[in-house]
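Lettering of chains follows the sequences in order, A, B, ..., and the numbering in each one begins at 1.
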Amino acid sequence: MNLTTFYLAVAGLILAPLVGGLVAGVDRVLTARMQSRMGPPLLQPFYDVGKLWSKVIAPASHWQGLFVRWALVASLASDVLLAAGADVLMCFFVQAASASFVALGAFCGSSPYSKLGAQRELFQLLAYEPVFLVAILCMAKVSGGFDAYSFMASDQPLLYKMPLIVPGLLFVVLVKLRKSPFDISGSHHMHQEVVRGVYTDYAGRDFALLEIAHWADVTVVLWICSFLWATSPLAMVVTAFLFLFAALVIDNISARLTWRHMLKVVAPISLVLATANLLWLYME
Amino acid sequence: MARTVIPFGPQHPVLPEPIHLSLVVEDERVVEALPTLGYVHRGLELLATKRDYNQMIQIVERVCGICSMIHSLCYCQGIEEMMKLEVPRRARMLRVVWSELHRLHSHLLWLGLFADSFGFESLFMQLWKVREKVMDLNEATTGNRVIVSVNVVGGVRADLDEAQIRWIKDTLVEVEASIRSLQSTIMHDSTVCRRTRGVGVLTKQAAYDLGAAGPMLRGSGVAQDMRQLKYAGFDEIAFEPIVETDGDCWARSTVRFREALQSIDLVRQALDKLDGSELAVKVKGKPEGEVITRVEQPRGECLYYLKGNGDKFLERVRIRTPTFANIPPLAAILPGLDFADVPVVVLSIDPCISCTER
Amino acid sequence: MSFLKTSQIKSPWLMHFDCGSCNGCDIETLACLTPVYDVERFGIINVGNPRHADVLVVTGTVNPRNAEILKNIYSQMPDPKLVIAVGACGCSGGVFRDAPNVLGGIDKVIPVDVYVPGCPAKPEAIMDAVVTGLGKLKGILEAS
Amino acid sequence: MCIEATPVTTAQLVAEVTKIKADGYRLVTLTSVEIDAENMEILYHFDKDLVLKNLRLTVKKGASVPSISGALFTAFLVENEIRDQFGITFEGLVLDYQGKLYNEVVQTTTTSPFCRMQVKSTSTAAKEVV
Amino acid sequence: MLDAYIGVLVLWPLVAGLACLVLKSPGVRSALVLSTGAALAVGALGVASQVPMTANPGFLSSQTALYIAEGAAFALPIYFLIRGLMEKHVLVIVFAIAQLGLAAMSVFGLAAPAAAKSAVYCDGLSLALVLVVSLVGSLICIFALPYMKHHEEHLHLKVTRQPGFFLILLAFLGFMNGLALSNDLRVFAAFYEATTLCSFLLIGHDKTEESKKSAFRALWMNCMGGVFLHGGIVLIQKQFGMADIHELMNPTLWAGASMLPIALLALAGCVKAAQMPFQSWLLGAMVAPTPVSALLHSSTMVKVGVFVCLRLGPVLESTTTGRVLALVGAFTFFATSALALGQSNAKKILAYSTIANLGLIIACAGIGTPIALAAGVVLLAIHAVTKGLLFLCVGDMEQTVGSRDLEDLRGLISKSPVTALAASAGAMAMILPPLGMLVGKWAALEAAAASPIAMVLIALGSALGVVCWVRFAGTLMSGQSIEAKTTHTSALTSTPILAMLAGAVGLGMAAPWFNALLLPASNIATALAGGWGLLPGLFIVAMLAWIIGMKVLGRQSAATLATPYIGGLPSVLKGTYVGPLGRNWTLTEGNEYASEIFGESKLTKFAGALAGALLLALVGGAII
Amino acid sequence: MKMLPTVISNLFNKAATRNYPFFVRDPFVTARGELINDIDRCIFCGSCSRKCPSQCLEVTKEGTMGTWKLEFFACVGCGVCVDSCPVNCLSQKPTHRAVAVVRETIVMTGKLPEKPAKKTAAAPAEQ
Ligand code: SF4
Ligand code: SF4
Ligand code: SF4
Ligand code: SF4
Ligand code: SF4
Ligand code: SF4
Ligand code: SF4
Ligand code: SF4
């Protein structure tokens, strides 16, 4: 590990959650605008986290604090890995670990809604993980390596060779951003039959940390999506923004689906598309 | 199979009103359901012993804020029948105007909440944005946005001038256009249809036998609407009940959507029929006797039973509201639903617990 | 004020509890969230979970059955918290004060920070109430 | 001025209701009225094509009346309500809230097995109950 | 010295077992089992220090040994045949006769093959198995001591049947070591059959109807496996006249030759590893006492199957047979992971997950590249420890709670925290980076680059596994508080559990240093160039997280807990809410199994058919 | 998908939001807002208090002085009192009454009509 990698890693550690927070801010402003509202200030997510941090509240379970911190560490670790140009597959697994911790913490909670949310979170994980993995495999196939740098090194946008994984990636982004139609396990301010699902029992400081972990997650996911057009940093930012924007539009034009529908219809379709893309890459 | 008990409500973000359902689910499918009420019960039928029959108008308006105008209408019609009062034509037409404006805002409100129940936030926002125009009409013409308080025994206490009539008509054109632009989303959007079509089906026979009311009944194919009784000014107005036959959540929402548009038409018809008669007749004497009146509220048939004995206090005020009638059918369709569909189905009866319990 | 204190004022998450309201005040509270009023401008989100809420907006009258619920959700909210009683009913029991199953206003059960008169209270009034309540909170925070 | 209503006795009630139902009427609601210090009246309102048909049952306060919820499921709610408000008990209620539909009597001891009084699933409810 | 180590590994358990049978005293038995554990540990470590190596200990290389092996090739099928005839079990009879026929052909019909150059050959793969058997296996045997005491109390047995039980258990360890080390096909086959015998006897140990049924199911399937094995051996004998496994596994030897024998051997491996559609014998085997399940059916014996396939690995690399085998494995991984998700019986979850992971290893074997094989070995070792741990935990839970259903184990954390935490940690070790299983999976995925379908199936299976294990751990942890009533567990129960836990976590964390330890031949580090270097970093992060977590936990444990959010209805009585009629109702909880998607009967039929087709393709592909 | 045009047009058009505390729209003239009493003109007849459905008005006379008490936080703004006042001293502003952090009752006193009216300041008192 040389010094540059180290600096990049540190940058990833600090910047990624900030970027994620900003993404959340942009998300809220744009969403409001799409609903013909003025919306909150851009920095609202940061105020929210600051507020949550300063709240005094009894935990719902003694274990949750542990899992929240582990989730945060895992999420940040996946950002750092990505920033340092490490193996994207491992980075993905680390991030999945974060999601597992969030669900585990929810399982430890006391509210039935928290537990339902945890179950649904797992079903979501089940639905998007394979798609996401196959997408990464496609990228690796085209760029000839599993590390982030080789993903960024190709001079032709990866997208040319993998149009069919776009729906799958969009699906992943929607799930990860907790957006309709896949805000199944816990949406943020919309009203849900499971209240806030996995988040129901997290509160106060734990919740603030979880939010930061979520920001880091969102950054990783959008970052990986941006590899599709990694010809220049600007192109990557634009690609990530387009994914975000598409997700917001879809959020605002669709109803929430059920996990049954997600597992039986959406996930298989996006997986089949992604697999078809993968096979096509092998045929070439 | 692992069972989970979900105490659903009375405080729950997806239930606009406090009702509790003890749900037993397996794999998120409801296998048993038991409703609990009483979180909004105030006992206001019994207030009749403490408030005279005129003051009761303000009380029954607050059985429910959303159909307040229609509650007082029903009540006043009952008193008028007991006291044999002939309500002037202008007042009857104005009653139609405001009651249909109420229906319109109520249906828009409901469509929004319904969208919210299946996570369609922006549709909710859009519908409520449109609804604000109707609220402005209410406020400007009656003095209050929600509880308009226009009915008195013998007529109404507010009037419309020419400018207001014109303004109402203009605004309704805008409102109608906005509503129509959402028609395809509400009725044909694929994600919406996924969540509403075939969900919570109530057959025509079951709807009739279980005593369903309003859009719940008409969504199952029974063409019954109390406006066919031709109360207020409906005797002079062309009206046909709106019916859908699927009996699912989609049918109920479509009925309400089409009724919202129909209400606009009814308001226009009534506005055109306003004449120069009095707003109210003079009232003499005290109510005596027994009477039943029925009107159609946004949520369905509402029945008042009034009994007076010549005193200024009524002996009995009995209110059977539409949601009360729709709870047994709801209880019957809950088992077997996906848990995620519970709020959708509960919302599809447009539950108004405050009037159910009074 | 520090960032943390500022953020407490800039991010009031609101929870609405219908405690036996006639729906009039409920729908006006809801209307606050919608485009024309859009309280998200103040960072307000309508959350359904007392554990996440900072401001409890209560509409309606208290009866013995919902009083328990009200107490429970109030106690589940983290400190510091605000309670806003909306409408004549929430403030005093309103027109139903004398009804047999009505105990009275919200303050019979939990401490109320802001009273919003009206039947129903107008959305503007409800927004005023949040602003007033936050002013009160700000005072407390500055003092601490 | 009184509404038209056929008087019935407790004994005839269920048979009468069944007959009315067979004629294609559906239950709208029940109304209970106090007539004097000792007596109550229960009115049964039925509807067919917008026309109401009423039954009038006079009973002593605190009496027990056969429930019609077996024949007409939808009556269970209003019968429970009447029990809450006027203390009349209904025998054979399909779903009995035991006088606690609206009013609170807090009990802290029971942890009986869940939902003994479950509502049957859709199709059967329609069939059995109707 | 080396010969002595090998002798200890193979013979000591047999002797100790016989001693158990003769000296019936429980105290002596415990001493024997404990000492066997110690001896095996010494032996295994002794061997480990010399890998890779060859040796010719007398008891394996002499002509007598070969005679014994050939004798066993007749004796065991004859025993099976007799049991089959007694039971009138047609399939057992048929396959036993087929085995006899093949044995006869091998001994009398063909020229005897050239004997192996060295009787023992031990590389990383063998060593991994030896370590697993000696360390994990011994720990399980120790765990079995208190367990079986309890178990017999439950069953109200008058005469204890433990001496016989421990004989088989211990002898089995010896057979396994022999199997791992022997380099002569015939000796190998004899040990292979011996494990079938042990398995049959142990599954049937409880002598209930169900266990008998399961035992016979295991027997006929494994006999069938034996037929495939002997078939393969006979063909090899005919084709090459050789019996030296090490030399046979030279890809150049097979260039242009028929792959049929390899396919048959792989098939035998698949049966032993209970791959779809042969999974039912292993599921049935779960009726046996839990140590048996742990030892035979999850952490050790079934590893024979994957051991065979991994052995074949070099030959399989980039052949049609290899590719199909990879698909078979990957498909099993996916299908059984899905099946595990639909289960609430904890032992069945473990069983399905075992089959799944074996499938993953077989997929690695089918791919056959050095890095894939290395991944396979890593998985083999770590899975054995982790799954052994989980089995022991479930065994202990079963005895504390009296049920093996996950739903009944909910909130175990407040009843028996050590077991629950160990089990949760085990579950996490199955899925989390940088712990071993995940590292193995990751290596497998990157290694599978040649086989896109296998990659997709692995991706799916791994997601299913995550769901299954998080839910498993979540269910156990779902109590709210830390303070707990600790039930007393005997040292003989908790020590093996804790040792395994240490092993599972330690081994997982040590993955970065496996190169040096286990796999000098196939250098996994160079193969996974960039990625492998991450692991130490992740390891540091994990330690950091651990420390942070512990501090937080310390702080949190003092906090009073909030009442649960249940729509405003929490009651003063814990675990209840104020529901209908103003009464307190119990808050029941249950997991979701998505049974309409992951239901066992439907999915099994469907997946079984597909897997069967794949196996036909395996053999068919080899013939063509 | 059907909502797409609406969403896009919302995005590019002005928001429907009235920026309330910073921008206050003119009230509708007819709106029934805060109830006020021109106490100088009040004759303390008590008509309003008898008619009020919420029973939140209390009118008392003592000697030459009359007291008009309004429990504002129970008033439903129906305007019945306004309609019933014989001297039209009651009226409703078109704007809503301000929110309060304490519940207060409005108490107004004035001279009874026989003698020439003399005004006393409206004194809100805490309840
Ligand atoms: S989805 Fe997450 S990041 Fe986005 S606004 Fe909601 S809570 Fe914030
Ligand atoms: S928006 Fe509607 S559904 Fe959502 S919490 Fe508010 S009242 Fe309930
Ligand atoms: S159903 Fe009842 S409570 Fe609901 S809006 Fe109508 S009258 Fe009001
Ligand atoms: S104050 Fe008025 S509008 Fe509000 S709940 Fe009470 S009666 Fe309804
Ligand atoms: S519960 Fe466990 S120990 Fe007891 S008999 Fe069954 S398997 Fe044996
Ligand atoms: S003027 Fe009116 S209020 Fe005064 S005494 Fe006469 S009737 Fe009564
Ligand atoms: S406005 Fe209505 S409620 Fe208020 S004081 Fe006047 S009569 Fe009473
Ligand atoms: S009715 Fe008018 S004059 Fe009479 S007391 Fe009331 S406010 Fe005064």
Nearest 0.5 Å please: distance from the [atom1] atom of [X] over to the [atom2] atom of [Y].
X: B:E28; Y: B:D341; atom1: CD; atom2: CG; answer: 10.0 Å
X: B:E301; Y: D:D47; atom1: CD; atom2: CG; answer: 6.0 Å
X: B:T293; Y: B:M82; atom1: OG1; atom2: CE; answer: 8.5 Å

> Given that the side chain runs from C-beta out, which part of D:E34 has a heavy atom under 4.5 Å from chain B: side chain, backbone, both or neither?
Replying inline: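 Contact with chain B involves the backbone of D:E34 alone.
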> Given that the side chain runs from C-beta out, which part of D:L30 has a heavy atom under 4.5 Å from chain B: side chain, backbone, both or neither?
Replying inline: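 Contact with chain B is through the backbone of D:L30 alone.
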> Any salt bridge between B:D248 and B:R197, counting N to O under 4.0 Å?
Replying inline: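 Result for this pair is no, no salt bridge flagged.
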Residue part contacting chain D, namely of [X], when any heavy atom lies under 4.5 Å:
X: B:L303; result: side chain
X: B:A212; result: backbone
X: B:Y305; result: side chain

> Can D:K48 be said to sit on top of D:Y25's aromatic six-ring, NZ or CZ under 6.0 Å from centre and within 45° of the ring axis?
Replying inline: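 The answer is yes; both the distance and angle limits are met.
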> Do you know which of B:L337, B:V30, B:L217 has the most heavy-atom pairs with chain D at a distance under 4.5 angstrom?
Replying inline: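 Most pairs with chain D among the choices: B:L217.
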